[in-house]
There are 2 protein chains.
Amino acid sequence: MRIGELARRTGVSTRALRYYEEQNLLTAERSNSGQRHYPETAVARILLVRELFTAGLSSKIIAELTPCVIDGKATPELLDRLAVERGHIDQHIVDLTHTRSRLDSVIASASASMDTGTSCQPGPASTAPAQVSGVTLRGDQEAREGEG
Amino acid sequence: MRIGELARRTGVSTRALRYYEEQNLLTAERSNSGQRHYPETAVARILLVRELFTAGLSSKIIAELTPCVIDGKATPELLDRLAVERGHIDQHIVDLTHTRSRLDSVIASASASMDTGTSCQPGPASTAPAQVSGVTLRGDQEAREGEG
DNA sequence: CTTGCCTTTGACGTCAACGTCAAGTTTTAG
DNA sequence: CTAAAACTTGACGTTGACGTCAAAGGCAAG
């Protein structure tokens with residue numbers, strides 16, 4: 001199929017598809033006039049790529065990981081990479097869960113305050129003043145904690 | 001305290017702190033010479049802001065939500081806003097969990113392939129852990145569409 | 001006073017993941 | 001055939017959360 005149909009079937013713009021190709025997330029055969037032609041499997045591939053994007057992975061990372069996912073080539077470094085990314089996602093989930101709890105406290109207090117007419121201060125709330133670790137700060141730059 | 005100390009104590013750059021102020025995430029008193037002076041509570045406030053950023057909220061959203069979290073002012077619309085954002089976070093967690101599972105499958109397959117020396121393609125019939133959500137992880141580009 | 005770090009505002013740079021517009025070619029419909 | 005739709009590459013625009021100068025003024029020590 002050509003790029004337009006692929007775009008329609010995946011819900012991804014043609015611009016994005018060309019971008020993905022530019023980032024080596026996708027390959028395409030070319031007709032002799034230069035038009036891209038994709039196999040059926042491209043649909044699934046794009047959905048996978050989208051999913052990884054949604055998970056917060058960068059195109060660079062995805063490009064490095066997909067060889068394993070797609071072509072079945074796995075090196076120890078790649079495995080390591082996968083594990084690292086899994087860890088990032090894990091940490092992200094933890095952070096989100098934490099923030100959600102905090103939001104819950106806020107919502108509860110606010111609701112109560114609306115009922116009682118008092119101010120909605122939840123206090124220091126669930127845990128200690130969050131030492132939120134800088135999770136996905138670009139690069140491998142990690143936040144230093146209590147170091148001075 | 002002045003901006004430098006606040007930056008050191010929060011691990012946030014002075015540029016970011018000025019940016020936060022610009023975005024109304026933070027206020028500061030000024031000395032008669034124009035320098036910003038912050039109370040102790042600013043530290044906690046910044047950590048909260050950072051946490052919300054990490055949760056994926058934009059500065060605009062945070063600016064709209066913090067009045068409730070910080071000052072205890074809650075309107076019904078604000079409560080609604082909070083609920084909406086909570087929902088976003090929830091969905092984000094779901095997505096991340098989903099992707100993590102998928103990554104787990106990939107890692108398992110890849111590890112197995114490294115042990116057995118075979119390519120890390122999940123078999124078509126086996127336990128098939130790599131076929132999450134009906135999308136095949138084999139994205140092999142060899143398949144051609146019906147020509148002719 | 002001078003030295004030297006700290007702070008101020010202003011303004012341009014960056015990076016990612018595309019959007020959008022332009023101008024030309026190819027495919028398709030009639 | 002023509003006209004429209006789809007495709008091509010190229011290149012500049014956008015948004016968010018800052019980074020990075022630059023020029024100037026402030027503040028405590030010697």
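Letters A, B, ... are given to chains in the order of the sequence lines, protein chains preceding strands, and every chain is numbered from 1.
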*With the side chain counted from C-beta on, respond yes when A:E64 and A:E77 share a heavy-atom pair under 4.5 Å apart, and no when they do not.*
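Side-chain contact under 4.5 Å: no.
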_A:Q91 side, atom CD; A:L96 side, atom CG - distance, nearest 0.5 Å_ =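 Between atom CD of A:Q91 and atom CG of A:L96 there are 10.0 Å.
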*Between A:S59 and C:dA16, does any side-chain N or O lie under 4.0 Å from OP1 or OP2?*
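Looking at the OP1 and OP2 atoms of C:dA16, neither is under 4.0 Å from any side-chain N or O of A:S59.
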*asked:* Looking at B:D104 and B:R100, is any side-chain nitrogen of the basic one under 4.0 Å from a carboxylate oxygen of the acidic one?
replied: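 Result for this pair is no, no salt bridge flagged.
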*Write down the distance between CZ (A:F53) and C1' (C:dC15), rounded to a whole number of angstrom.*
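To the nearest whole Å, that distance equals 13 Å.
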*Please report the closest heavy-atom contact between A:E21 and A:Y38, naming both atoms and the distance.*
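Heavy atoms of A:E21 and A:Y38 come nearest at OE1-OH, 3.9 Å.
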*Length of the CD1-P vector between B:I61 and D:dG16, whole Å*: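 The answer, rounded to whole Å, is 11 Å.
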*Could you state the atom-to-atom distance from CG of A:L57 to P of C:dA16 in whole Å?*
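These atoms are roughly 14 Å apart.
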*Measure from the side-chain heavy atoms of A:R36 and tell me the nearest of D:dC18, C:dC18, D:dT8.*
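Of the candidates, D:dT8 comes closest.
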*Gap separating the OG1 atom of A:T10 from the CZ atom of A:R45, nearest 0.5 angstrom*: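 Here the rounded value is 13.5 Å.
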*State the OG1-OH distance between A:T14 and A:Y19, to the nearest 0.5 angstrom.*
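OH of A:Y19 is found 15.0 Å from OG1 of A:T14.
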*Rounded distance in Å - CZ (A:R30) to P (D:dT8)*: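 So the CZ-P distance, A:R30 to D:dT8, works out to 6 Å.
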*Rounded to the nearest angstrom, tell me the gap between atom CG in B:L6 and atom P in C:dT8.*
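Taking CG of B:L6 and P of C:dT8, I get 11 Å after rounding.
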Show me the protein contacts with nucleotides 24-28 of chain D, counting only N or O atoms at under 3.5 Å.
from, atom 1, to, atom 2, distance (Å)
D:dG26, O3', B:S33, OG, 3.2
D:dC27, OP1, B:S33, OG, 3.2

_Set out, in order, the CA-CA distance, both residues' side-chain angles and the distance that settles side-chain contact (heavy atoms from CB on, under 4.5 Å) for B:T54 and A:T99, then state yes or no._
CA-CA 9 Å; B:T54 301; A:T99 303; 5.9 Å; no
*Return the value, rounded to whole Å, for the distance between atom NE2 of B:H37 and atom C1' of C:dC6.*
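Nearest whole value for this atom pair: 11 Å.
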_Near-strand residues of residues 12-25 of chain B, defined as heavy-atom separation under 4.0 angstrom from DNA chain C_ =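 Going residue by residue through residues 12-25 of chain B, the ones with a heavy atom under 4.0 Å of DNA chain C turn out to be B:R15, B:R18.
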*B:T97 pairs by side chain to side chain contact (heavy atoms under 4.5 Å, CB included) with which of A:I89, A:I93, A:D90?*
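Filter result, single survivor: A:I93.
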*A:I3 CD1 to C:dC18 P: how many Å, rounded?*
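Interatomic distance, CD1 of A:I3 to P of C:dC18: 13 Å.
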*Are side-chain heavy atoms of A:V43 and A:M1 found at a separation under 4.5 Å?*
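Yes, side chains in contact.
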*NA contact type, A:R8, heavy-atom cut-off 4.0 Å: base, sugar-phosphate, or nothing?*
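Since no nucleic acid heavy atom lies under 4.0 Å of A:R8, the category is nothing.
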